[in-house]
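One structure is given below, encoded as structure tokens.
Naming convention: chains lettered A, B, ... in sequence-line order (proteins, then strands); numbering from 1 in each chain.
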Amino acid sequence: MQKRSDFSQERTAAIRRAIRSIPRGKVATYGQVAAAAGCPAGARRVAFLLHREGDALPWQRVLGAGGRIRLQGASGREQRLRLEMEGILFRGRRVDLPRFQHIFPHRKGETS
DNA sequence: CCTATGACGGATG
DNA sequence: GCATCCGCCATAG
């Protein structure tokens with residue numbers, strides 16, 4: 001079976017797992033998810049994945065840097081509602097990150 | 001191969 | 001806080 005870039009698929013799977021690991025009532029940024037999955041520069045990749053298969057993931061828990069919602073229009077409003085339903089509070093247009101940001105466990109091999 | 005686009009992010013003015 | 005520019009990653013045409 002071939003791979004045609006298993007590498008990329010591996011990464012995608014890691015990102016998917018990272019997103020799924022965000023507990024209810026907590027959030028994470030695109031960059032944070034990417035880093036947790038081993039792609040420090042893959043924030044954009046995370047966004048692309050969510051756009052593609054967000055339906056199967058807790059997409060509402062992924063925000064832009066600073067806790068800002070990047071989705072526009074109705075989608076953005078829905079995201080905010082969903083988060084508020086989980087008990088997450090906003091400060092203006094952003095989520096209070098220090099309080100609701102999910103801390104991913106350190107990956108193997110990483111020195112703290 | 002090259003260009004354009006996007007749920008990104010950081011730097012700069 | 002807002003507008004721009006640039007770098008990064010993946011896809012589509």
**Report entry** Letter per nucleotide, 5' to 3', of nucleotides 8-13 of chain B [B base touched, S only sugar-phosphate touched, - untouched; heavy atoms, 4.0 Å]
**Finding:** BSS---

Query - Candidates A/R24, A/K26, A/R61 - the one meeting side-chain hydrogen bond (donor to acceptor under 3.5 Å, both in side chains) with A/E86 - result: A/R61

[atom1] of [X] versus [atom2] of [N]: gap in Å, rounded?
X	N	atom1	atom2	answer
A/L49	B/dG6	CG	P	18 Å
A/R68	C/dC2	CZ	C1'	10 Å
A/R93	B/dA7	CZ	P	18 Å

Taking only nitrogen or oxygen atoms into account, show me every contact under 3.5 Å that the protein makes with nucleotides 10-13 of chain C, one pair per line with its distance.
from: C/dA10; atom 1: OP1; to: A/R45; atom 2: NE; distance (Å): 2.8

Report task. Starting at CG of A/L83, measure out to CD of A/E78 and round the result to the nearest 0.5 Å. Result -> 10.5 Å

Report task. Would you mind reporting whether A/W59 and A/L71 have side-chain heavy atoms less than 4.5 Å apart? Result -> yes

Query raised in the report: Are any non-hydrogen side-chain atoms of A/L57 and A/R16 less than 4.5 angstrom apart?
Result: yes

Query raised in the report: Do the side chains of A/L97 and A/I103 join up, straight or via other hydrophobic residues, at under 4.5 Å, putting them in one cluster?
Result: no

Report task. Decide whether A/I19 and A/F48 are clustered together by the hydrophobic rule: side chain heavy atoms of Ile, Leu, Val, Met, Phe, Trp, Tyr closer than 4.5 Å, transitively. Result -> no

Query raised in the report: Checking A/R80 against A/F90: charged group under 6.0 Å from the ring centre and within 45 degrees of the axis?
Result: yes

Under 3.5 Å, is there a donor-acceptor pair between the side chain of [X] and the main chain of [Y]?
X	Y	answer
A/Q101	A/R99	no
A/Q60	A/Q79	no
A/Q32	A/H102	yes

Query raised in the report: DNA chain C in dot-bracket, Watson-Crick or G-U pairs under 3.5 Å, [ ] crossing, | other strand?
Result: .||||||.|||||

